[in-house]
Amino acid sequence: MRQETVGVTENLLKSATEEFLEKGFMKASLRNISAKSEVSTNSIYTRFKDKEGLFSTIVKETADGLMNIYLESIQKATYSPDLNQANYEGEEGTDFVLDYIYQHFTEFKLIFCCSTGSQYEHFLDELGKIEESYYQELVDKYGKEGFTVDPFFIHVFCRAGWQTMYKLVAHDCSYKEAQSFMNSTKLFNVAGWKAVMGIDE
């Protein structure tokens, strides 16, 4: 009986994932999901409470994993002894994040592209806020005396950075394509931040 219950739940999650990917959270129908899974809608409410609970069950563990990886990367970069080490930690963190996203591509397709109306709608903004705070601290710590970086520039640039990840997923770029793109992005970012901070090397 227990194995049967597990099988029903797995089937529900599979059908729900397909429905959310096709229609997005807002337009996804629990009736369609229940029909595809050959269970009653009441079974969905019993197991997941509501559509939000169903969506969260699919993506929460993956979303939390990315947040933890990213926060650990930011912490390592923040406590680096110098700018070069901070850049190294940041670049390594970017690689870890990219790897993780591609290991869980379907879940991030849901989070990045299909979550409007759910509690994960602003997930990219939350990551952007963390990055914005980090770069403001980086500029204050390592910026050349007399150079100021507009906080609005930091705000826009950091949000755009996470939009890059969104674009890679939204356009179904291969992992190899994503790696190549992010390698170029890392080179561009390091040089660009040094320039706006007035650092000559």
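For reference, positions follow the sequence shown, starting with 1.
- Under the ring pair (Phe, Tyr, Trp, His ring centres under 6.0 Å) criterion, the residue pairs touching residues 28-58 are Phe20-Phe55, Phe25-Phe55, with sequence neighbours excluded.
- Placement of Tyr142 and Tyr88 in two distinct hydrophobic clusters is found when ILVMFWY residues are connected by side-chain heavy-atom separations under 4.5 Å, directly or transitively.
- Applying the ring-ring contact (aromatic ring centres under 6.0 Å, His included) test to Phe112 and every residue at least two apart in sequence or in another chain returns Phe108.
- Linking ILVMFWY residues whenever their side-chain heavy atoms come closer than 4.5 Å, directly or via other members, leaves Phe153 and Val190 in distinct clusters.
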Legend entry - Verdict with reasoning, Thr57 to Thr9, per side-chain contact (heavy atoms from CB on, under 4.5 Å): CA-CA 11 Å; Thr57 297; Thr9 300; over 6 Å; no
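- In terms of heavy-atom proximity, Leu30 sits nearest to Ile44 at O-CD1, 3.7 Å.
- Side-chain N/O atoms of Gln85 and Glu89 include a donor and acceptor closer than 3.5 Å.
- Shown here for Ala195 and Phe147, the closest heavy-atom pair between the two residues is O-CE2, 4.3 Å.
- Counting only residues at least two apart or on different chains, the side chain to side chain donor-acceptor pair (under 3.5 Å) pairs with a member in residues 23-35 are Glu19-Lys23, Glu19-Asn32.
- Put simply, Leu71 and Phe123 are part of the same group of oily side chains (I, L, V, M, F, W, Y) that touch within less than 4.5 Å, one to the next.
- Between the side chains of Ser40 and Ser43, a donor-acceptor pair is found at a separation under 3.5 Å.
- Cluster partners of Phe152, using a side-chain heavy-atom cutoff of under 4.5 Å among ILVMFWY residues and allowing indirect links, are Val156.
- Shown here is Met26, whose CE atom has no more than 12 heavy atoms of other residues, nucleotides or ligands within 6.0 Å.
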With a cut-off of 3.5 Å and sequence neighbours excluded, list every side-chain donor-acceptor pair involving residues 178-185.
| unit_1 | atom_1 | unit_2 | atom_2 | d |
| --- | --- | --- | --- | --- |
| Gln179 | NE2 | Tyr175 | OH | 3.1 |
| Asn183 | OD1 | Lys186 | NZ | 3.4 |
| Asn183 | ND2 | Gln179 | O | 3.3 |
| Ser184 | OG | Ser180 | O | 3.4 |
| Thr185 | OG1 | Phe181 | O | 2.9 |

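- Scanning both residues, Cys158 and Gly128, for their nearest heavy atoms gives CB-O, 4.1 Å.
- Counting only residues at least two apart or on different chains, the side chain to side chain donor-acceptor pair (under 3.5 Å) pairs with a member in residues 70-81 are Tyr70-Glu131.
- In this structure, Phe105 is a member of the same hydrophobic cluster as Val97, with clusters built from ILVMFWY side-chain heavy atoms closer than 4.5 Å.
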